[in-house]
Amino acid sequence: MSDSKINSERLFPVNSILVSQPEPQNGKSPYFDLAEKYDTKVDFRPFIEVKPVNVKDFRKQKIEILNHTAIIFTSRNAVDHFFNICAELKIEMPSDMKYFCISEQTANYLQKYIVIRKRKIFTGFRTAQDLIEILKKHKDEKYLFPCSSIRKNDIPDFLKDGEYKYTEAVMYETVAADLSDLEDVYYDIIAFFSPSGINSLLVNFPDFKQNKTRIAAFGPTTASAVRDAGLVLDIQAPMPNAPSMTGALEFYIKEANKKLQQEVKK
């Protein structure tokens, strides 16, 4: 990230950050390290909620799960809701079912439901593009893509454009969380990770005034959602020398502190 990426007129000291995600449960997180290093308050609050699609509504999609030979998983949420639907429908996955997972973390999560060492599992490194490169080698499968009511287009568009046999199955819904208790709470920075988070902010606070609140966004689609909402994007991640959200936040804090020191010297 270069200096040109930061609006010097919006470089203010940072005393509080709101991360629009659940708080890490293991007590270890780079956010905690950031808070301690810069004596900054860091709070966590999910801006979106994930709710399961009930079996009755799933049946309306008229999807026969066992008519497919492979399942595509892009998140642990997708894994949970897929197997929960299967349990309610009393469907047991055959041993020859193949699983295509976006990351090793998602693949390992499958062991919550199946014995993974006996299954055919194909794993990407981290991104949808990684997974797409693997799918290209398996065009003859009949894919089932469990997803949310709000999802990214990259994988479905690839499957459609490549004329793959696939079915999109909406198994959970992403909705705005109730943030009404934050109405009179001010944070120096709010960090967002998806367009859904931006939508939740505006659903909860339609008259939201950004003022000196700086907005951080992870990923190009989130950054676009910030701008489309008429808000100022102050911090964008990932960048070449700030590949994580915490890295981008730290860069901003350093620049703000540097500006403050320069002003004090004057």
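Only heavy atoms go into these numbers, but all of them, side chains included; no hydrogens, no water, no symmetry mates.
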Inset, instruction - Report the relative orientation of the aromatic rings in Phe73 and Phe82; use parallel for angles under 30°, tilted for 30 to 60°, perpendicular for over 60°. - result: perpendicular
Taking every heavy atom of Ala216 against every heavy atom of Leu233, the minimum-distance pair comes out as C-CD1, 4.4 Å
Sidechain N-carboxylate O distance under 4.0 Å for Lys37, Glu250:
yes
Apply side-chain hydrogen bond (donor to acceptor under 3.5 Å, both in side chains) to Asn211 and Tyr186, showing your working.
-> CA-CA 11 Å; Asn211 298 322; Tyr186 172 83; over 6 Å; no
Practice item. Could you check whether the rings of His138 and Phe100 sit parallel, tilted or perpendicular, using 30° and 60° as the cut-offs? Key: perpendicular
As a quick check of understanding, evaluate side-chain contact (heavy atoms from CB on, under 4.5 Å) for Leu182 and Arg45, giving each step before the final call. CA-CA 10 Å; Leu182 295 179; Arg45 178 66 178 275; 3.8 Å; yes
Tightest non-hydrogen contact, residues Phe44 and Gln21, listed as CB-O, 3.3 Å
Scanning both residues in full, the closest heavy-atom pair of Pro94 with Arg119 reads O-NE, 4.2 Å
Would you say the side chains of Thr69 and Glu141 form a donor-acceptor pair under 3.5 Å? yes
Is a side-chain N or O of Asp188 found less than 3.5 angstrom from the main chain of Ser16, in a donor-acceptor match? yes
Margin query: Ring centroids only, cut at 6.0 angstrom: are Phe83 and Tyr113 within range, meaning strictly under it?
Written below: yes
Original post:
Taking side chain as C-beta onward, heavy atoms only, is Lys142 less than 4.5 Å from Asn67?
Top reply: no
Report task. Report the C-alpha separation of Lys41 and Asn15 in whole Å, then their side-chain angles, then the decisive distance to 0.1 Å, and conclude whether the side-chain contact (heavy atoms from CB on, under 4.5 Å) test is met. Result -> CA-CA 6 Å; Lys41 175 185 177 184; Asn15 297 304; over 6 Å; no
What verdict does the side-chain hydrogen bond (donor to acceptor under 3.5 Å, both in side chains) test give for Thr106 and Ser103, after you've listed the backbone C-alpha separation in whole Å, the side-chain angles of each residue and the deciding distance to 0.1 Å? CA-CA 5 Å; Thr106 304; Ser103 67; 3.1 Å; yes
Checklist entry - Mind checking whether Lys98 and Ile71 have side chains closer than 4.5 Å, heavy atoms only? => result no
In the structure I gave you, are the side-chain heavy atoms of Phe192 and Ile215 within less than 4.5 Å of one another anywhere?
yes
Note: Pro46 and Leu179 closest approach over all heavy atoms is O-CD2, 3.9 Å
Checklist line | Flag side-chain contact, heavy atom, 4.5 Å: Ser180 against Glu183 | finding: no
Full working for side-chain contact (heavy atoms from CB on, under 4.5 Å) between Ile190 and Val19: CA-CA 6 Å; Ile190 306 177; Val19 180; over 6 Å; no
For this session: Say whether Thr174 and Ser148, considering side chains only, have a donor N or O and an acceptor N or O under 3.5 Å apart.
Result: yes
Notebook entry, point to check: Would you call Phe58 and Val170 a side-chain contact if the rule is heavy atoms closer than 4.5 Å?
Noted result: no
Original post:
Is any side-chain heavy atom of Val42 less than 4.5 Å from a side-chain heavy atom of Phe32?
Top reply: no
Next item on the list: Could you go through the side-chain hydrogen bond (donor to acceptor under 3.5 Å, both in side chains) check for Tyr187 and Asp43 one step at a time?
Entry: CA-CA 9 Å; Tyr187 286 90; Asp43 289 339; 2.6 Å; yes
What's the verdict on side-chain contact (heavy atoms from CB on, under 4.5 Å) for Phe145 and Met171, showing C-alpha distance, side-chain angles and the deciding distance?
CA-CA 10 Å; Phe145 179 43; Met171 293 189 167; over 6 Å; no
* Kindly state whether the ring of Tyr99 and the ring of Phe122 have centres lying under 6.0 angstrom apart. => no
Side chain proximity check, Cys101 to Tyr109, heavy atoms < 4.5 angstrom: no
#### Entry: Quiz item: cation-pi between Lys165 and Tyr143, 6.0 Å / 45°
no
- Task: List the steps, then state whether side-chain hydrogen bond (donor to acceptor under 3.5 Å, both in side chains) holds for Tyr31 with Glu23.
- Result: CA-CA 10 Å; Tyr31 288 104; Glu23 181 171 353; over 6 Å; no
Correct closest heavy-atom pair for Pro146 and Ala78 would be O-CB, 3.9 Å
Identify whether the distance between the nearest side-chain nitrogen and carboxylate oxygen of Asp57 and Lys60 falls below 4.0 Å. yes
For Ile198 and Ala229, the nearest pair of non-hydrogen atoms, with its separation, is CG2-CB, 4.1 Å
field: Lys112 bridged to Asp80 by N-O distance under 4.0 Å
entry: yes
Less than 4.5 Å apart, any side-chain heavy atom of Ile189 and any of Tyr252?
yes
